Amino acid sequence: MKSSPRFDPAWLEREYNNRARVPEHPVHFERWARDSAVARQSGRALIDVSYGHGAGETLDVFPAQRKPGSPPAPVLVFIHGGWWRSLDKSDHSFIAPPFVQRGACVVVPNYALCPAVTIPQITLQMVQALAWVVRHIGAHGGDPDRITVVGHSAGGHLAAMMLACDWTRVGDDLPVSLVKNALAMSGLFDLEPVMHTPSVQASLHLTPQQVAMASPARLPAPPVRPQGRGQLSAVVGALESDEFLRHNRLIQQAWGEGVVPVCEELKGLNHFSIVDALADPKQRLHRMVRGLLGV
């Protein structure tokens, strides 16, 4: 596929190749894997629970620390990044303990990776994962009426897509307002420039039709209901590329401040350290998510 004259391949590579922009990214990955292994060995985690029958359709559940007789816990669903083509839920278990300790139930789903599947197919996998959460999280102490979805990078794109989903078309038993709140970290909201980025497109195989159907900024703004569907918070590391900063502003411009009331650049954070900040109780990002959860 040829690039549009508006998209210079070399420039796109500089803007979208985060691993090249952050040479120390292996240090982050190694720490995530190490801390995640500890989190999964906590004894209470349920690992590799099936939410479907396809490749990658499993999730991990980290039940809240609750006293007997206490009300069901709010649920945090975290969707990992990796350009829809890499990384795994097992790399992100470390996110769960700080929220579990505050009384939240944490769910980390997996999805199949490109090029074996397309981004629209991954989006539908996340729809099924959330449908599973509504139907089954009560058995693990979670409140199906208090679901907050958080995602990083490709996961930020998927979090926004979950907010935009028409859940009445997924299942008769699913509430219109299934996602109470969503937060996208370093999200990608228009897939057209991604389609023209050579190193990424080599795996994604995006088509113009997929760009149109799976770009949140090109979809109608989801309605906000006083007692139902929540809003999207959009955050990005202030040290990220101009394109990632632009995507963060774009979703607020596309959906409006009523739907996206928070649009922030977080000082001192890059594309990978922003994930560390999510799990750090001292960081503003962690406190923002706790606020969405009400813990």
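Note that these values count all heavy atoms, side chains included, but never hydrogens, waters or copies made by symmetry. Because the structure is predicted, anything quoted here is derived from the model rather than measured.
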> Can you list every ring-ring contact (aromatic ring centres under 6.0 Å, His included) pair that touches residues 168-188, not counting sequence neighbours?
Replying inline: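 Output for this query is empty, none listed.
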
Consider only side-chain heavy atoms of I, L, V, M, F, W and Y, link residues closer than 4.5 Å, and tell whether [X] and [Y] are in one cluster.
X    : Y    : answer
L76  : M288 : yes
V224 : V149 : yes
F272 : V150 : yes
V49  : L130 : yes
V260 : I79  : yes

> With D35, which residues qualify under side-chain contact (heavy atoms from CB on, under 4.5 Å), at least two apart?
Replying inline: R31, F94

For [X] against [Y], the heavy-atom pair lying closest together:
X    : Y    : value
P63  : V100 : O-CG1, 3.3 Å
F7   : P193 : CE2-CB, 3.7 Å
K180 : S177 : NZ-O, 2.8 Å
P98  : A279 : CG-O, 3.2 Å
T197 : E13  : CG2-OE2, 3.6 Å
F189 : G156 : CE2-O, 3.9 Å

Check whether any side-chain N or O of [X] sits under 3.5 Å from a backbone N or O of [Y] as a donor-acceptor pair, and report yes or no.
X    : Y    : answer
T168 : V176 : no
R146 : L293 : yes
E15  : E243 : yes
H152 : H271 : yes
R66  : P71  : yes
Q231 : G258 : yes
W83  : S153 : no
S203 : S199 : no

Once rounded to the nearest 0.5 Å, what's the spacing between atom [atom1] of [X] and atom [atom2] of [Y]?
X    : Y    : atom1 : atom2 : result
L285 : M185 : CG    : CE    : 5.0 Å
Q253 : R246 : CD    : CZ    : 9.0 Å
Y111 : L87  : OH    : CG    : 7.5 Å
E240 : D242 : CD    : CG    : 11.0 Å

Taking the side chain as everything from C-beta on, heavy atoms only, tell me whether [X] gets closer than 4.5 Å to [Y].
X    : Y    : answer
W84  : L188 : yes
P175 : W167 : no
L219 : M161 : yes
V108 : H80  : no

>> Could you walk me through whether L178 and I147 satisfy the side chain to side chain contact (heavy atoms under 4.5 Å, CB included) test, starting with their C-alpha distance in whole Å, then the side-chain angles of each, then the deciding distance to 0.1 Å, before giving a yes or no?
In response: CA-CA 7 Å; L178 188 152; I147 296 173; 4.1 Å; yes

In residues 261-268, what donor-acceptor pairs under 3.5 Å come from side-chain atoms, sequence neighbours left out?
residue: E264; atom: OE1; partner: R284; partner atom: NE; Å: 3.0
residue: E264; atom: OE1; partner: R284; partner atom: NH2; Å: 3.3
residue: E264; atom: OE2; partner: R284; partner atom: NH2; Å: 2.5

>> Does M195 form a side chain to side chain contact (heavy atoms under 4.5 Å, CB included) with L204? I'd like the steps, not just the answer.
In response: CA-CA 8 Å; M195 180 176 65; L204 304 185; over 6 Å; no

For residues 132-145, run the donor-acceptor check on the side chains, cut-off 3.5 Å, and write out each pair with its distance to 0.1 Å, sequence neighbours left out.
residue: R135; atom: NE; partner: D173; partner atom: OD2; Å: 2.8
residue: R135; atom: NH2; partner: D173; partner atom: OD1; Å: 3.0
residue: D143; atom: OD1; partner: D145; partner atom: N; Å: 2.9

Solution key, residues 115-128 side-chain donor-acceptor pairs under 3.5 Å, sequence neighbours excluded:
residue: T118; atom: OG1; partner: Q121; partner atom: N; Å: 3.2
residue: T118; atom: OG1; partner: Q121; partner atom: OE1; Å: 3.3
residue: Q121; atom: OE1; partner: T118; partner atom: N; Å: 2.8
residue: T123; atom: OG1; partner: I119; partner atom: O; Å: 2.9
residue: Q125; atom: OE1; partner: A112; partner atom: N; Å: 3.0
residue: Q125; atom: NE2; partner: A55; partner atom: O; Å: 3.2
residue: Q125; atom: NE2; partner: E57; partner atom: OE2; Å: 3.1

>> Among L163, V77, L232, exactly one meets side chain to side chain contact (heavy atoms under 4.5 Å, CB included) together with V179. Which residue is that?
In response: L163

> When V236 is tested against each of L245, N270, L269 for side chain to side chain contact (heavy atoms under 4.5 Å, CB included), which residue passes?
Replying inline: L245

> Is the number of heavy atoms from other residues, nucleotides or ligands within 6.0 Å of CD (Q101) greater than 12?
Replying inline: yes

>> Can you confirm whether the side chains of D276 and H28 place a donor and an acceptor under 3.5 Å from each other?
In response: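 Judged by distance alone, the side chains do pair up.
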
> How would you list, by chain and number, every residue that makes a ring-ring contact (aromatic ring centres under 6.0 Å, His included) with F99, sequence neighbours excluded?
Replying inline: H286

> If you look only at pairs with a residue in residues 119-129, which of them pass as a salt bridge (Lys or Arg N to Asp or Glu O under 4.0 Å), with sequence neighbours excluded?
Replying inline: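 Of all non-adjacent pairs touching residues 119-129, none passes salt bridge (Lys or Arg N to Asp or Glu O under 4.0 Å).
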
Which residues pass the side chain to side chain donor-acceptor pair (under 3.5 Å) test with [X], not counting sequence neighbours?
X    : answer
S233 : none
R218 : D190, E192
H247 : Y16

>> With side chain to side chain donor-acceptor pair (under 3.5 Å) as the rule and sequence neighbours excluded, what pairs involving residues 87-96 come up?
In response: R40-S93, D48-K89, D60-K89, D88-S90, D88-N110

> Checking side chain to side chain contact (heavy atoms under 4.5 Å, CB included) for the pair I95/V275: CA distance, chi angles, key distance, verdict?
Replying inline: CA-CA 8 Å; I95 288 165; V275 185; 4.1 Å; yes

> Looking at residues at least two apart in the chain, or sitting in another chain, which of them share a salt bridge (charged side-chain N to carboxylate O under 4.0 Å, His left out) with R19?
Replying inline: none

